[in-house]
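As the structure is a prediction and not an experimental result, all values here were calculated from the model.
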Amino acid sequence: MTKNYEAREILQKEFKTKMRGYDQIEVDEFLDGIIKDYESYAREILSLKEEKERLLAKVDQLTKSQATLSRIKQEPTQSATGSTNFDILKRLSNLEKKVFGDKIMEAEDAETNLDETKSF
């Protein structure tokens, strides 16, 4: 398993010296560069994690807003459909009364005329 170093650990790391070892100043300069990169990457990771959390919160908010909006759009449609159906049935009933009422009246008039004709 790989160890995750902190910048402080890299900075404070001491190496044993041997007779034909590396130039200590060169190693220190190289490690200083690594520390700067390491700190930069740590800040970038933190920034990305914060951005991810912000975006997830935004997605949750938008999802809730969309669900609420969908419910709001469906409710008037359902009540409008109910009132529209009622209006259609009422109009149909009035139309039937008008059409069939006139036919019934015509049939009664014809029957009355027939009776009057027979009585002569």
Euclidean distance, [Y] [atom2] relative to [X] [atom1], rounded to 0.5 Å:
| X | Y | atom1 | atom2 | value |
| --- | --- | --- | --- | --- |
| Ile35 | Glu9 | CD1 | CD | 11.0 Å |
| Ile88 | Ser93 | CD1 | OG | 13.5 Å |
| Lys90 | Leu95 | NZ | CG | 14.5 Å |
| Gln12 | Glu6 | CD | CD | 10.0 Å |

The complete set of side-chain hydrogen bond (donor to acceptor under 3.5 Å, both in side chains) pairs with one or both residues in residues 27-42, sequence neighbours excluded, reads none
Validation: residues 44-59 side-chain donor-acceptor distances under 3.5 Å, sequence neighbours left out:
residue, atom, partner, partner atom, Å
Glu51, OE1, Arg54, NE, 3.3
Glu51, OE1, Arg54, NH2, 3.4
Glu51, OE2, Arg54, NH2, 2.7

Of all heavy-atom pairs linking Ile34 and Ile10, the shortest is CG2-CD1, 4.2 Å
Checklist entry - So, the side chain of Ser70 versus the backbone of Gln66: is there a donor-acceptor pair under 3.5 Å, distance only? => result yes
Residues at least two apart in sequence or cross-chain that pass side chain to side chain donor-acceptor pair (under 3.5 Å) with Arg43, listed by chain then number, are none
